[in-house]
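Since this is a predicted model, take the numbers as computed values, not measurements.
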Amino acid sequence: MNDNSTYYTSLITRYFSGEITDDELRLLSDWLKEDTEHTEIFRQYQKTWQLIEKQSIQSSVITDQEWIALQEKMKSGASGTEPPVKVSQFQQDTIGIKSFFQKTWKVAASVTILLAASFLLYFYISKPANIVITAQATNIEQILPDSSVVSLHAGSQIIFPAEFASNKRNVELKGEAYFKVAHDKTKPFIVSSGDARVEVLGTQFNVNTHSSVDKMEVVLTSGKVSVYYKGKLRDKVLLLPGEKAELISTQKQIRKSANTDPNYMSWKTRVLIFDNETLAQVLSTLQNVYQKPIILTDNKLSGCRVTASFDNQTLESVLQVLKETLNLQVKQLGNQIELTGDACR
């Protein structure tokens, strides 16, 4: 069944307009039975529709009466049964016509207001409950309804409500993001990815759901966070600044350790630190930071060791240093970069 609220509010409109099909009516009926909130939405539409219908009938009666009266006056004047029209009579007729148009415009205005109200009601009820933000080719920064700030890594997505609930702040993450959460002790901030949960009141941390298959990483920068799985709140793990949690979704396990990766936030800061790292690990980090595929023509090169640091430098600058340090050749092949050279001694 389609769970899109806009779809079902469209069915409600088709129901009241008499255009709904038998299949659509069955879908609407099932949807109404699912939740009392759905029934309340239907009732609000029903009230609005009844008001519009009632106002339309009243405006039709008033308009018909006024029009008949005006026609009678025109007929009697044309038959010559009444004395010549005096200025005063002309003025009275003018006032009558003016009154007729005033009433007509009042009715039209009333209908317009009701239509506008129903239109606003429709968009208020049927607007998407959640906002979806996707970072395409570059990192983006998003301010949430509670003033928390989320830095979203390229290729990642976050889903959050247009307005947080009164007792919690739920967001869903696909990919990698850095959260700077506004403190609110009455509303826990919860990041979800599948069954994994990260809960805080106000702090700063990095979440990566793409670190590897079936694994999610949480690295805490400041404050405190609780990490757990849905339905297993008793098994939650508390992280302190500088600690990392690895969540293995297939086994529902959480492993806590000290964070030893100085580049866990390099995708955001563009600060890179390599201390005797293998070239394979360096290239893996560079690909994540610069979103550019980099390949080695010879796997023997992957074991070469690199010690260097970079502060917000371009990929070209970083590769130039690697080229000179390890005696490599760098080639641009379409969208990817190829590194060649002799194996390190």
Heavy-atom distance under 4.5 Å between the side chains of [X] and [Y], does that happen here?
X      : Y      : answer
Ile337 : Lys292 : yes
Ser302 : Leu279 : no
Met216 : Val198 : yes
Glu338 : Thr297 : yes
Leu173 : Thr209 : yes
Val321 : Val306 : no
Phe274 : Ser309 : no
Ile41  : Ile12  : yes

Exercise for review: Report the C-alpha separation of Lys230 and Leu233 in whole Å, then their side-chain angles, then the decisive distance to 0.1 Å, and conclude whether the side chain to side chain contact (heavy atoms under 4.5 Å, CB included) test is met.
Suggested key: CA-CA 7 Å; Lys230 181 181 178 181; Leu233 189 58; over 6 Å; no
Quick check for you: to the nearest 0.5 Å, what is the distance between [X] atom [atom1] and [Y] atom [atom2]?
X      : Y      : atom1 : atom2 : value
Glu172 : Phe160 : CD    : CZ    : 12.5 Å
Ser226 : Asp235 : OG    : CG    : 12.5 Å
Ile158 : Ile131 : CD1   : CD1   : 10.5 Å
Asp184 : Ser147 : CG    : OG    : 10.5 Å
Gln136 : Thr138 : CD    : OG1   : 8.5 Å
Asn288 : Leu283 : CG    : CG    : 12.5 Å

Review point. How about Ile295: does its CD1 atom have over 12 heavy atoms from other parts shown lying under 6.0 Å from it?
Key: yes
Practice item. Check the surroundings of atom CD in Gln329: do more than 12 heavy atoms from other residues, nucleotides or ligands lie under 6.0 Å from it? Key: yes
Within the 3.5 Å criterion, strictly below it, is a donor on [X] or [Y] matched to an acceptor on the partner's side chain?
X      : Y      : result
Glu324 : Gln320 : yes
Gln157 : Thr134 : yes
Asn206 : Glu176 : yes
Asn208 : His153 : no

Can [Y] be reached from [X] by stepping across I, L, V, M, F, W or Y side chains whose heavy atoms are under 4.5 Å apart?
X      : Y      : value
Ile273 : Leu319 : no
Val181 : Val227 : yes
Ile190 : Val207 : no
Phe189 : Ile159 : no
Ile140 : Phe179 : yes

Taking all non-hydrogen atoms of both residues, which atom of [X] and which atom of [Y] are closest, and how far apart?
X      : Y      : value
Ala245 : Leu239 : CB-CD1, 3.7 Å
Tyr290 : Val318 : OH-CG2, 3.7 Å
Tyr228 : Glu199 : OH-OE1, 2.8 Å
Gly194 : Arg197 : O-NH1, 2.8 Å
Leu339 : Leu301 : O-CD1, 4.2 Å
Pro241 : Gly223 : CD-O, 3.3 Å

N/O donor-acceptor pair under 3.5 Å between [X] side chain and [Y] backbone:
X      : Y      : answer
Ser266 : Asn263 : yes
Glu243 : Leu240 : yes
Thr307 : Asn276 : yes
Tyr264 : Glu217 : no
Asn139 : Ser151 : no
Ser193 : Ala196 : no
Lys256 : Leu238 : yes
Ser156 : Leu152 : no
Ser284 : Ala280 : no
Thr285 : Gln281 : yes

Side-chain donor-acceptor pairs of residues 164-171 under 3.5 Å, sequence neighbours excluded:
{"residue": "Arg169", "atom": "NE", "partner": "Lys187", "partner atom": "O", "Å": "2.9"}
{"residue": "Arg169", "atom": "NH1", "partner": "Asp146", "partner atom": "OD2", "Å": "2.5"}
{"residue": "Arg169", "atom": "NH1", "partner": "Ala182", "partner atom": "O", "Å": "2.7"}
{"residue": "Arg169", "atom": "NH2", "partner": "Ala182", "partner atom": "O", "Å": "3.4"}
{"residue": "Arg169", "atom": "NH2", "partner": "Lys187", "partner atom": "O", "Å": "2.7"}
{"residue": "Arg169", "atom": "NH2", "partner": "Leu201", "partner atom": "O", "Å": "3.0"}

Practice item. Report the C-alpha separation of Glu277 and Arg305 in whole Å, then their side-chain angles, then the decisive distance to 0.1 Å, and conclude whether the salt bridge (charged side-chain N to carboxylate O under 4.0 Å, His left out) test is met. Key: CA-CA 5 Å; Glu277 293 285 347; Arg305 294 287 172 171; 5.6 Å; no
Review point. Can Leu328 and Thr340 be said to form a side chain to side chain contact (heavy atoms under 4.5 Å, CB included), step by step?
Key: CA-CA 6 Å; Leu328 301 173; Thr340 60; over 6 Å; no
Exercise for review: Please list, chain by chain and in numerical order, all residues satisfying salt bridge (Lys or Arg N to Asp or Glu O under 4.0 Å) with Glu316, sequence neighbours excluded.
Suggested key: none
Review point. Got a sec, which residues hit salt bridge (Lys or Arg N to Asp or Glu O under 4.0 Å) with Asp195, two or more places apart in sequence or on another chain?
Key: Lys252
Review point. Can you list the steps and then say if Leu247 with Gln253 is a side chain to side chain contact (heavy atoms under 4.5 Å, CB included)?
Key: CA-CA 6 Å; Leu247 293 87; Gln253 290 184 347; over 6 Å; no
Practice item. Could you check Phe205 against Lys180 for side chain to side chain contact (heavy atoms under 4.5 Å, CB included), going step by step and ending with a plain yes or no? Key: CA-CA 7 Å; Phe205 57 98; Lys180 187 180 292 186; over 6 Å; no
